[in-house]
K.L.:
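Just passing along the structure, written as structure tokens.
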Amino acid sequence: MLSHSLPRTSLGFFPTPVVELKRLSNQLKGPRIFVKRDDQTGLALGGNKTRKLEYLVADALQQGCDTLVTAGAPQSNHCRQTAAAAALMGLDCYLVLGGEATNKINGNLLLDQLLGANIHWSGEQRKGEQIPQIINALTEQGKKPYVIPYGGSNAIGAAAFVFAGEELYLQQRHLDIEFDHIVFASSSGGTHAGLTVGKSLLQLNTQIIGIGIDKGEVGDLPYTTYLTQLSNETHALVSQEQGHYTESDFILNTHYQGAGYGVVGDLEREVIQLVAQTEGILLDPVYTGRAMGALIDMIRNKQFDQQETVLFWHTGGAPALFDYAAELI
Ligand SMILES: *Cc1c(COP(=O)(O)O)cnc(C)c1O
């Protein structure tokens, strides 16, 4: 077992279930496929950010903060789960959302408002560029704001996915299987870095395959350089020892980015319908639809051995389906 002393606040229901997708595997005539149901973390419709927030919010409380501030796209699942975490812990919440104020209030944006978040529209800048101004204004009002980075992806947030890797490892042993590959949507990096560090600390052979969702860079860094730094920081935070990750430790498949972030194409539409209709599981239009589309395409192209076992990490996001109704059917 990994030992650590990071404070944690309970925000969701863990462990999340692992289930086999037998009908989908049969239909594809491919490897056995399992799914880790982090869409069922239980915090206001769930998702992978619940895990990160358990550690980030604990840090905010330890620092005596009373207000959570974060940023994202209008349909950000991270922002919605942050708003729910704030409500649950009696904190104020400010969300800095890319775009302009809109009357089309749907999906996550509807939930943000039901959860009582204050929304600041930031035009073209959807990655929190305007947060410093908001922090100044809140501080002048006598508030103690705590900034949660884009996607909750700093070492504290990513640490949650080191422990999620351990959670899966224990479930694997219980089920008496070993996953050869774990496939998931990789975007702000906390999931990818955390699972990679977990694999290293637990000395697992599982291949960690991130499907790139968002083109490009984080700040000034290429995404894999950023993943390397984040993993080194996360390793040090969790184990008190230096991490020595290099870019070659990361598998990032960037072949499925279609027309860009948040744009639904045939890949996403077809796979969302396929998985809904064969397994009764809802994927999302931005992340898991694309990542599962990639996995199914790789299976069809025989990139996995028939004897192997693949785990798809379902990171959530289904509330955004409603905002994409016109593109999905
Ligand atoms: C944020 C998010 C991801 C990406 O996770 P990162 O840790 O930011 O890379 C994947 N899927 C969904 C549904 C998300 O909301």
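One-based numbering, in listed order, for ligands and for the atoms of each.
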K.L.:
To which protein heavy atom is atom 14 (C) of ligand 1 closest, and what is the distance rounded to 0.1 Å?
P.N.:
Lys49 NZ, 3.0 Å

K.L.:
So, Lys36 side chain and Thr16 main chain: donor-acceptor pair closer than 3.5 Å or not?
P.N.:
yes

K.L.:
Backbone or side chain, does any N or O of Gly151 fall under 3.5 Å from an N or O of ligand 1?
P.N.:
no

K.L.:
Compare all side-chain heavy atoms of Leu68 with those of Leu95 and state whether any distance is below 4.5 angstrom.
P.N.:
no

K.L.:
Which atoms from ligand 1 have a heavy atom of Gly317 less than 4.0 Å away?
P.N.:
13 (C)

K.L.:
Closest non-hydrogen protein atom to atom 13 (C) of ligand 1, residue and atom name please, with distance?
P.N.:
Gly316 O, 3.2 Å

K.L.:
Would you say Glu124 has more than 12 foreign heavy atoms packed within less than 6.0 Å of its CD?
P.N.:
no

K.L.:
Is Arg32 salt-bridged to Glu308, going by a charged N under 4.0 Å from an acidic O?
P.N.:
no

K.L.:
What is the closest protein heavy atom to atom 10 (C) of ligand 1, and at what distance does it sit?
P.N.:
Thr315 OG1, 3.1 Å

K.L.:
Is any side-chain N of the basic residue among Arg290 and Glu268 closer than 4.0 Å to the acidic one's carboxylate O?
P.N.:
yes

K.L.:
Does Asp284 reach ligand 1 with a nitrogen or oxygen that is under 3.5 Å from one of the ligand's nitrogen or oxygen atoms?
P.N.:
no

K.L.:
Show the atoms of ligand 1 that are less than 4.0 angstrom away from any heavy atom in Ser186.
P.N.:
9 (O)

K.L.:
Filter on ring-ring contact (aromatic ring centres under 6.0 Å, His included), then keep only pairs touching residues 183-207, sequence neighbours left out; what's left?
P.N.:
Phe184-His192, His192-Phe250

K.L.:
What about Asn48: any of its N or O atoms under 3.5 Å from an N or O on ligand 1?
P.N.:
yes

K.L.:
Any idea which atoms of ligand 1 are less than 4.0 Å away from a heavy-atom of Gly190?
P.N.:
7 (O)

K.L.:
Could you say whether the N/O atoms of His192 and ligand 1 ever approach to under 3.5 Å?
P.N.:
no

K.L.:
Identify the closest protein heavy atom to atom 8 (O) of ligand 1: which residue and atom is it, and at what distance?
P.N.:
Ser188 OG, 2.5 Å

K.L.:
Checking Lys29 against Phe304: charged group under 6.0 Å from the ring centre and within 45 degrees of the axis?
P.N.:
no

K.L.:
When clusters are formed from ILVMFWY side-chain contacts under 4.5 Å, directly or step by step, what else is grouped with Val263?
P.N.:
none

K.L.:
Do any N/O atoms on His78 end up under 3.5 angstrom from N/O atoms on ligand 1?
P.N.:
no

K.L.:
What protein heavy atom is closest to atom 9 (O) of ligand 1, reported as residue, atom name and distance in Å?
P.N.:
Ser187 N, 2.8 Å

